[in-house]
Amino acid sequence: MTQTVDLTLDEIRAYIESVRWQTSKDGSHSYMLMKWKPESIAMFYAFVEFIRRNGYIQIHEGIPYICFDVGDMRYWSMGAPLYETI
C-alpha cells in the first residue's frame, strides 16, 4: 500500500540538495541510491512517486522513462515498481 504525498518544488529542491549524487562511469549523468541516506527513505519514495505522477515521457535508447525537470536538471527512476526502486 502506498500513500500519496504532495510535494512542493521547494521540498523537492531541498531533498535533491540533501542527498549524495554519484557521477556515472561514462560521465553522462549522476545518480543517487536510497541506501545512501536511509533516514530519508520516505522522502525518496515520495520523490519517485512525484516524478511518476507529474513527469513526462522521454525515450532514451528506445526505452521510455518518466522524467521531471527541476531547474536545468532532469530526474527519473528506472521504472521498477515503487518499493523495488532503490
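Just the heavy atoms: all of them, side chains too, but no hydrogens, waters or symmetry mates, feed the values below.
- Partners of Thr85 by side chain to side chain contact (heavy atoms under 4.5 Å, CB included), not counting sequence neighbours, listed by chain and number: Phe44, Val48, Arg52, Ser77, Ala80.
- Partners of Met73 under the side chain to side chain contact (heavy atoms under 4.5 Å, CB included) rule, at least two apart in sequence or in another chain, are Tyr75.
- For residues 74-83, the set of pairs meeting the salt bridge (Lys or Arg N to Asp or Glu O under 4.0 Å) definition, not counting sequence neighbours, comprises Asp69-Arg74.
- Applying the salt bridge (Lys or Arg N to Asp or Glu O under 4.0 Å) test to every pair with at least one member in residues 27-42, sequence neighbours left out, gives no pairs at all.
- Each salt bridge (Lys or Arg N to Asp or Glu O under 4.0 Å) pair with one or both residues in residues 13-22, not counting sequence neighbours, appears once here: Asp10-Arg13.
- In this structure, Phe50 and Phe68 have perpendicular ring planes: the angle between them is above 60°, well past the 30° mark.
- Residues that satisfy the side chain to side chain contact (heavy atoms under 4.5 Å, CB included) test with Ile59, not counting sequence neighbours, are Ile57, Pro64.
- Listed by chain and number, the residues in a side-chain hydrogen bond (donor to acceptor under 3.5 Å, both in side chains) with Thr23 amount to none (sequence neighbours excluded).
- Across Ser28 and Ser24, no two heavy atoms sit closer than the pair N-OG, 3.2 Å.
- Applying the salt bridge (Lys or Arg N to Asp or Glu O under 4.0 Å) test to pairs two or more places apart or on separate chains, none has a residue in residues 75-86.
- Tyr56 is linked by a ring-ring contact (aromatic ring centres under 6.0 Å, His included) to nothing, counting only residues two or more places apart in sequence or in another chain.
- Considering only residues two or more places apart in sequence or on other chains, Asp72 meets the side chain to side chain contact (heavy atoms under 4.5 Å, CB included) condition with none of them.
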